[in-house]
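Structure, as structure tokens:
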Amino acid sequence: MLRLLNTISWRHLRHHRLRTFLTFLGMALGVAVIVAIALVNRALTTSFQSTIEQIAGKAVLQVSNSESGMDERVLALVRDTDGVLDVAAAVDGFLPVSGERGERLYIYGVDLLTDFTMREHQFAGDGFAFDQALDFIAQADSIAVTESFARRRGLAAGSTVVLNTSRGKQSYVIRALLKEEGTARVFGGNFALMDMPVAQLAFGKEGKLDIVDLTVETGSTVETVQARLRQRLAGAAEVERPKKRGEQIESLLTSFRVGLFFVSLIALFVGFFLIYNTVAVSIVQRKREIGTLRCLGMRRAELLRLIVAEALILALVGALIGCLLGWLLAQGALVAVGQTVRNLFSSIGLSGSGLSARELVIALASAIGVALLAALHPAIEALAISPLENARQAVWRPVFAAKKSWATRLGVLCLSIAPLLVVLAPHLTGAVRQFSVGVIGMLIFLLGLAFFAPLIVRYAAQWLWRWTLALPGVSWVETRLAADSLRRNPLRSGITVATMIISLAAIFTIAAFVNSVRGSLLAWVDQMVTADIIISSGARTAGPRNVSLHEEPAAGLRALPGVKIVDLYRLVRANYQGRPIVVESFSAALSAPVRTLPMAQGDGARVLREMAQGKGAVVSESFQTRFGAQVGDKIELVTPSGPVSFTVLGIYIDYSSDIGSVLIDRALYKKYWRDELVDAFDLWLEPGADMAALVQQIKAGYGDQYQLFISTHRELKDAVLRIMEQSFVVNYAVEIVALVVAIFSVINTLLASILDRSREIGVLRAIGATQSQVRRIIVMEAGWMGLIGGLLGLLAGSVMAYHHVVYNTKLLTGWTFQFYYPYDVAALVVSATVVLCLLAGYGPAKKAAATPVVTAIGYE
Amino acid sequence: MIRCTDVCKFYQQGDNRITALAGVTLEIPQGAFTAVMGQSGSGKSTLLHLIGGLDRPTSGELLVDNRLIGQMSDDQVTLFRRSRIGFIFQFFNLLPTLTAAENIALPFVLDGRGKAEADARAAALLAKVGLEHRRQHLPEELSGGEIQRVAIARALAFNPPILLADEPTGNLDSKNGLAILDLLRQVNRQDGCTIVMVTHSEEAAGYAERRIYLRDGRVEKEE
Ligand SMILES: Nc1ncnc2c1ncn2[C@@H]1O[C@H](COP(=O)(O)OP(=O)(O)OP(=O)(O)O)[C@@H](O)[C@H]1O
Ligand SMILES: [Mg+2]
């Protein structure tokens, strides 16, 4: 076996160095994308969990109410509950370091004297004595930062740090340095301790708590204490184990992660076809050799083993290189994904990690599984090669019965199963399952169309065969002879066309999806944000990165000449039925006349009026999909004042979050949440007001104090677009892989095709075809394949993209996107495919034309 | 018509230098029907390939139809071959995907002639070799003798002054072989075409007016 591999396979590979290299590269790229996505996905899961657990310390239960917070009195209530041993409360959040772009500190505000029961804070120097602690607490500007942060910023004990708080810039004095151990390790050392009241002031959460950690007395079980607490709290807050809280935060990312998985599925699919293509082509190439081997007495089983072993080795080496490449890719992807996660979901420190042994095994196993599956059909074909193959003269018989071939039959099967799955998908339970079945339905549709490729190639070639027009620079005979090669082996050309269909459909689907998201998003921003100027602190868009401010600047802004209306926008994360949601608010009473609300159900103007009258809440499409709430239903939200019930007034469109949003009037929000903070000031100007001058005035008046981002409508739109583009970075990587694979498969097929026809090319040359004629014929052949593959890929991609944008995405996220057909990408896909195929064909064409005629004929 | 002066052809295979022709000098007059004979490996096919411009001599001078083809560029040789030389091989003469008529029309269409002209010429040539009824047949559906006749028809597409045939009957039974040889003689006599035919068979060589015997890449004797 080894000897055979060495003599036959190795020589073959060495002889076709370029092809071998391309194949390895293609496979490695495919595996790399899968590995990278797996690594990113794991980093996403573990980062949330480990962060939450590190901060939780010894706590076995945590009382919290998401970002909404709880009344301070909850602390006493928890402490007085039977079975509770130690209790520690905290206020936490991120604050930007003033003057340092992008530097943010995670502030943990605690009662230093009791927090030691939950967490160990190791201070640098000679311990942190009791009186030092008292000194720390006594001064209202104390902060403790980690040694690594201090080192990085060039700070020492006694230095000041300026933070952008909800009251604007505040100076804090470093009165202690933390060793980077235990809790202080989170967020890469960007961790700081403050005394609780100081932190409450900084975050604008006076009288409120974010979290109450507790341990349980021996003799009580966590479950009973949890139940007791739940009863006593009566819905004012949630009681969960830290792990469960981690999962809740992690669930924010579900759609994002499923999306990533979908992308890696495409990479796997494309990889499968590349291997299939390679093995199939290498067998066609060695038909005669295999015939001779069979003639010399090689048994079928031996031949099968040889081919399978070849595919395995190919896959193994490719997969190993891929794992390495994937790890590298993951480091880059983590940066991009981390950025997206921070922008959209939550502050998180994503740390890259090595590939675990298990993941390595899974990556290798899936690559090998795919390789075996892909090699199966070509191997069976090889077994059917007659020992007489070598002796045959006319190697071609027009026998390909495309209509009855296995490929066409499978195609019909796939095309009939796919619609069933697509129709079935919405009736399943669970958004992820619905989405997955929908995606699988689409992939089967794609596969079905790919199976039709040989049939389509055959008919297209027949049609081209009757072609009698001269193209510029190419005579009709050359056109015809180019089509002839497709005609003689529709199966082989079909495989390449199928590979192209799949790659291009993947590329187009992603492109169309991005285009639709962009289009829908822009249209939505126009409706959702009608203000002329939007002011926020810490970040341009309201979300996990901005700093909430007090209402104080509003009065001054209203007084500015030219300003007509100032409305206050607030966004907090809350919980509904134990799952995270978003609560948005603005003052409909103030801004109803100048606002529009993008609605999925109900009339926006009426809903705004009803909101202003305090009649209820508006929920987003995602909320509707997730929780099944309908217009007129009552929903009960957990507020710091206890549970409050709201009537659903309508369903609005909110692309800023897919976890479900509830929009209420600011007056109601302030009443129940006891929160006066503002995430964005929306300004509408008088007609004819000087926008630039106003922006200058605002900057001069508040910019320095609050680290403001003052955005015009246009700038906000750009910022939203940038965030969106960033979240698609990984998708672009897959597009590149798909493109490379498509090109490889064309080169592969052409190389095999010219080898298969070397005698014919020799005869053509003998009867007077010039080198350039032979070249043009082969380049044209590639061009035809490109045209057929490009058009079919576009067709498949268009159907898939429409389905993905309009149905699948809705299943997963609840978002309804408008389908924006990317005409430019469509034109580009077809023309670029043809051009790339022509270029890819040039190498093989040159090779064929340069082969000495005598060698080509070589029949001795 | 054809004049070889001290033509040598070596093949480099790794470190080995294989001598195919070791200085061949000969002259073939216009309108002659010449047979080239010799043992396997004596260089017959090589000689034919050189004359037809399919390959280049390592040294020596080769004058075909008053042209020094050893010095011509590939394109020049190809165009020369297209119109001035007809080739017939032992096997694998035809493109398997083209019908008999399309195979015959091929040199014409390669030359950029119109389809109508090519079709008419193909029909005439098919009639000449007596295969009108096989127009639309693929090579697969033709017998060996018929394939060779189609090959001859194609070789005659441009009425070339020279016809080169490498064991055209080697693959045929004697009846079919004789029919092919008759056809070649007819072409030689009626069209005045100079024919050089490589053969192993004395019987086939009997059709020729002259015989050249090769041995180890040299002319052994001429009759
Ligand atoms: N492309 C090539 N590379 C290396 N050696 C070659 C090549 N073509 C021919 N030869 C060698 O040149 C010599 C003459 O070959 P050629 O084909 O001309 O012989 P031949 O007389 O036609 O034989 P046959 O009767 O078997 O056809 C042989 O020894 C052959 O091995
Ligand atoms: Mg020979």
Side-chain angles (χ1 to χ4, degrees), chain A residues 391-400 461-462 465-470 473-490 756-777 849-860, chain B residues 11 40-41 45-46 48-50 52-56 73-98 102-103 105-116 118 138-142 144 147 151 154-155 157-158 160 164 166 171:
Chain A
R392 286 242 174 96
Q393 292 317 312
V395 282
W396 185 79
R397 256 154 282 115
V399 288
F400 176 68
Q462 240 157 33
W465 181 247
R466 288 196 286 272
W467 183 291
T468 49
L469 287 173
V474 190
S475 90
W476 63 275
V477 201
E478 292 158 16
T479 314
R480 204 180 211 202
L481 286 172
D484 180 45
S485 141
L486 299 182
R487 211 168 65 126
R488 61 179 289 130
N489 202 336
D756 211 26
R757 287 185 297 153
S758 63
R759 286 180 179 185
E760 285 171 57
I761 294 167
V763 171
L764 269 177
R765 295 273 289 126
I767 64 172
T770 60
Q771 288 191 332
S772 46
Q773 277 178 320
V774 169
R775 264 203 303 271
R776 278 201 295 270
I777 289 170
T851 308
V853 188
V854 179
T855 317
I857 297 174
Y859 54 78
E860 60 274 294
Chain B
Y11 287 106
S40 196
S45 299
T46 306
L48 214 63
H49 293 156
L50 291 182
L54 294 183
D55 213 345
R56 280 162 202 281
S73 75
D74 188 87
D75 274 359
Q76 284 172 323
V77 169
T78 304
L79 294 179
F80 172 73
R81 188 163 65 227
R82 188 188 283 171
S83 55
R84 308 299 290 171
I85 291 177
F87 257 110
I88 304 159
F89 303 107
Q90 182 177 356
F91 358 82
F92 208 82
N93 268 303
L94 306 182
L95 296 199
T97 47
L98 308 196
E102 285 166 341
N103 261 296
L106 208 50
F108 258 104
V109 293
L110 282 175
D111 203 46
R113 309 293 175 96
K115 192 167 164 2
L138 288 167
E140 251 266 315
E141 302 153 349
L142 299 175
I147 287 179
R154 187 183 61 193
F158 278 99
L164 305 175
D166 195 347
N171 213 23

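Note on naming: letters A, B, ... go to the chains in the order of the sequence lines (proteins, then strands), and numbering restarts at 1 for each one. Any value given below was found using the heavy atoms of this structure, including those in side chains, with hydrogens, waters and symmetry copies removed.
Although no hydrogens or angles enter the test, the distance criterion places no donor-acceptor pair under 3.5 Å between the side chain of A:R765 and the main chain of B:T78.
Partners of A:Q771 under the side-chain hydrogen bond (donor to acceptor under 3.5 Å, both in side chains) rule, at least two apart in sequence or in another chain, do not exist in this structure. Contacts of B:R82 classified as side-chain hydrogen bond (donor to acceptor under 3.5 Å, both in side chains), with partners at least two apart in sequence or in another chain: A:Q773, B:D111.
In this structure, A:E760 and B:L98 have side chains that are not in contact, with every pair of non-hydrogen atoms separated by 4.5 Å or more.
Looking at B:E102, the atoms closer than 4.5 Å to chain A (heavy atoms on both sides) all sit in the side chain, from C-beta outward. For chain A, no part of B:R84 is nearby; none of its heavy atoms comes within less than 4.5 Å. With a 4.5 angstrom heavy-atom cutoff, B:R56 does not touch chain A via any of its atoms.
Across all their heavy atoms, B:L54 and A:V854 have their closest contact at O-CG2, 3.7 Å. The heavy-atom pair separating A:A766 from B:F87 by the smallest distance is O-CD1, 3.9 Å. Scanning both residues, B:L110 and A:G768, for their nearest heavy atoms gives CD1-C, 4.2 Å.
Rounded to the nearest 0.5 Å, atoms CD (B:Q76) and OG1 (A:T770) are 12.5 Å apart.
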A:V763 and B:L94: CA distance, side-chain angles, deciding distance, side chain to side chain contact (heavy atoms under 4.5 Å, CB included) verdict: CA-CA 7 Å; A:V763 171; B:L94 306 182; over 6 Å; no
